[in-house]
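Structure first, then comments.
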Amino acid sequence: MKMKKVIATALVGFMAMGMLAGCGGGNDTQKDNQQGGDAVAAIKVGGTGPLTGGASIYGLAVQRGAEIAIEEVNAKGGIQFEFKMEDDAHDTEKAVNAYNALKDWGMQLSLNSVTTAPGTATSDLNFEDRIFGLTPSASGTGVTEGKDNVFQMCFADPNQGSASAQYIADQKLGTKIGIIYKNDDAYSSGIYQTFQAKAADLGLNIVSTTTFTTDSQNDFTVQLQDAKNAGADLLFLPMYYDAASLILGQAATMDYAPKFFGVDGMDGILTLEGFDTALAEGVMLLTPFSADAEDDRTKAFVAKYQDLYGEIPNQFAADAYDCIYALHQACEAAGATADMTAAELNDLMIEQFTSMSFDGLTGAGATWSENGQVNKDPKGMVIQGGVYVGM
Amino acid sequence: MNLKTMNKTTRSNMITYLMVIVAFVIVQVMMAGGNISSSLKGQLVPICAYIVMAISLNLTVGVLGELSLGHAGFMSAGAFSGVVAAQCFSQNINNPVLVLILAMIVGGIVAAIVGVLVGVPVLRLSGDYLAIVTLAFGEIIKGIVNNLFVGLDSNGLHFCMIKNTLEMDTDGKLLINGPMGLLGIPRIATFTMGFVLIMVCLIVIFNLVNSKSGRAIMALRDNKIAAQSVGINVTNYKLMAFVISAAMAGMAGVLFATNFSTVVASKFDINTSILVLVFVVLGGLGNMRGSIIAATVLTVLPEMLREFSEYRMLVYAIVLIVMMLATNNPTLKNALGSFGAKVTGIFKKKPAKGDNANG
């Protein structure tokens, strides 16, 4: 009985020690932060993203794109950045943990999160803690809505959906439209909802709407058969390229050849391993970035990325690259220094981002509105002979 | 309340209560002193939610002796209904604590109703069959919530499935947006509320286990035929434990969801169910105190391992395997010496049927 008391005390002591150890770590970080501020004088930029798990290609692309940009801006002299990316495994809870870990590290500027659902949760913390956030690719509206200090580098989902509908209507690309979308994915269904609303406004004739989920994205014969039977001559595919590549392949085996129209998630389909690019011939997509663009900056970025990681960068990498440059430009213009607190930087950044214009890989003359969404022109691209060609 | 005059069970329960209270007080003192890392601070509420999940699942797995692989489904049902309720209540009630309590009650009731619906047909099965059906149940809940749209405007709540066809007034706001999950959740969960929930659940479980019903439930676990022969109603008692467990999971879901501004249905998938089961197994079947410690350690651990960056989950898995082996290895425990062996003695209770179910 006495032993039990001893045991209980020991356990409590153990738990308390564990917690104190955790808090000790926090104090160290703060000290490091203060000392680091004097010695290195680098602004700490943090971001969360899926570096492991099913969505890791996006997180890794962002991490790599951002690291290339960090190296470049630091080489210029002037304002220095220090970058750290924490894994959130595309999960809200882990993203919040990752964000808090970055806060302990002393994050002054934030790249928010890579994907939408975690981004919505972390942007809330950005807002509360007054740490400025610029997300490379979390495209949902929930990320920026009601938060004055969170901005997006990518198009917001509704903009993509309505821009696609507008583009199809303007260019008279199809008379009967079929849609296949992924209904357990925020990105895909977000675009679908706004596309459908805009299409209804514009009087586009949608003849077939079918869905799939993560668990069923191996077979699309039912969805394609439905579109084929309905006589759809244009198929809108608001999804990422992994699923889209299967749809293209299966449509070809069914002798069904409508026009295909994708959004920015389609980017990357040409570099997919084992994918016959001939299948993507004639596929149209709206994307802000193309790795085949002829301008010097894109070429240099693509060459460097390929050199380091052995693959062609996708739009996520380019968005992250632009984020760092945009933050750098804003910091230079505002005269920000590394010893400023996150809250001070936050106010400067909001002022800059709502007034400045930014030229990046993903579009020239980008501006931001007060609600945090970016204004830049989507480029209509069509795949011809295995490369993107502007439409 | 003399420790010496209490019976063994009561004393063991008191130690568990005391442990939770002391841990709570220590964290509160640290928070007041401001020397707590944001990382740990951000995890306090999820830890509380996982603890409640673990002890409630322990009621099904440890006390009732039925393997459930769909516990996250109840968490999901509770989370989604509770948050919708919280949004409705917060229009009229300004006190966030009251809103959270009401939301937890609603979440708990909804999860309990779901528990009855699932439990009545399912609890006629046992063993592997029950595990498979509960696994399917978790997936069904995920599928339903993924296709559910709920909006709130001045006329009240609007529901629809599959496609968003809600017709709301201009002041309407979408609460559950299909695959995008819960949006704009009021973040009203606090560590104190989490602590209170843990205490309430512990009191309910300990009192249930030590009651006539609890003994009937454990008798069913130990020998169903013998229990039936003395007139114990199998379905009723099984259902009782299962539904109480479901209701607690629902309340944990509300606590969990209201800590984040957005939650998606796919969060509550089989992985979460298994994670909670790991807490229970590591802590010891039927051992509530063990579940609490296991849930806390295993929630904090991945964050502590962040410095290993991409190898973190690998290290986590290794640590998990080592812990499982260490806590179940008699040789290792004997080697720890007399005091050490007595400390680990708490964990020593074999995770086998027939074990004393008092934690």
Side-chain angles (χ1 to χ4, degrees), chain A residues 1 3-8 10-12 15-16 18-27 29 51-52 86-87 89 91-94 96-104 116-118 120-121 123-125 128-129 140 142 145-146 182-186 188-190 193 196 209 211 213-215, chain B residues 3-4 8 11-12 14-16 18-19 22-23 26-27 30 33 35-43 46 139 142-143 146-147 162-164 177-181 183-184 187 256 259-267 289 293 296-297 300 302-304 306 309-310 312-313 339 342-343 345-346:
Chain A
M1 180 213 301
M3 214 56 230
K4 284 269 181 188
K5 269 198 245 173
V6 176
I7 291 163
L11 273 174
V12 168
M15 281 184 74
M19 299 209 169
L20 287 168
C23 97
N27 285 347
T29 323
L51 304 180
T52 57
E86 286 286 358
D87 184 20
D91 177 279
T92 314
E93 185 195 352
K94 295 202 182 82
V96 169
N97 289 340
Y99 171 92
N100 282 325
L102 287 168
K103 211 169 101 183
D104 288 333
T116 292
T120 314
S123 64
D124 234 40
L125 301 175
E128 265 172 34
D129 296 332
E145 218 165 51
K182 187 173 177 178
N183 68 343
D184 67 346
D185 179 53
S188 191
S189 52
Q193 283 174 18
Q196 193 220 22
T209 306
T211 62
T213 65
T214 311
D215 301 325
Chain B
L3 266 176
K4 286 182 184 172
K8 197 166 155 255
R11 203 169 52 233
S12 171
M14 283 300 156
I15 292 172
T16 309
L18 196 69
M19 183 187 82
V22 169
I26 291 174
V27 173
M30 276 165 61
N35 49 6
I36 185 171
S37 68
S38 328
S39 181
L40 184 58
K41 206 170 162 186
Q43 287 179 80
E139 291 298 304
K142 193 178 98 180
N146 250 334
N147 286 296
I162 315 287
K163 273 182 193 164
N164 184 2
N177 190 0
M180 278 173 259
L183 301 171
R187 291 176 49 213
F256 183 86
N259 186 48
F260 301 103
S261 55
T262 179
V263 168
V264 290
S266 50
K267 170 74 197 167
R289 198 189 305 149
I293 297 169
T296 311
V297 171
V300 175
E303 292 308 309
M304 296 244 175
R306 273 206 182 270
S309 66
E310 53 241 63
R312 152 172 101 94
M313 290 326 279
F339 179 73
K342 288 206 167 108
V343 171
I346 304 174

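All chains are named by letter (A, B, ...) in the order of the sequence lines, taking the proteins before the strands, and each is independently numbered beginning at 1.
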Here the pair of heavy atoms bringing A:Asp104 nearest to B:Ser37 is OD2-CB, 3.4 Å
Please give me the minimum heavy-atom distance between B:Ala265 and B:Lys142, naming the atom from each residue. O-CG, 3.8 Å
Rounded to the nearest 0.5 angstrom, the OG-NZ distance for B:Ser38 and A:Lys103 is 4.0 Å
Please flag which part of [X] lies under 4.5 Å from any non-hydrogen atom of chain B: side chain, backbone, both or neither.
X        : answer
A:Asp87  : both
A:Glu145 : neither
A:Ala89  : neither

When you measure from the side chain of B:Ser261 to the backbone N and O of A:Thr120, does any donor-acceptor pair fall under 3.5 Å? yes
pair A:Pro118-A:Tyr99: side-chain heavy atoms closer than 4.5 Å: no
Closest-packed option against chain B by number of heavy-atom pairs under 4.5 Å, given A:Val96, A:Leu125, A:Asn97: A:Asn97
What part of B:Ser266 lies closer than 4.5 angstrom to a heavy atom of chain A: side chain, backbone, both or neither? neither
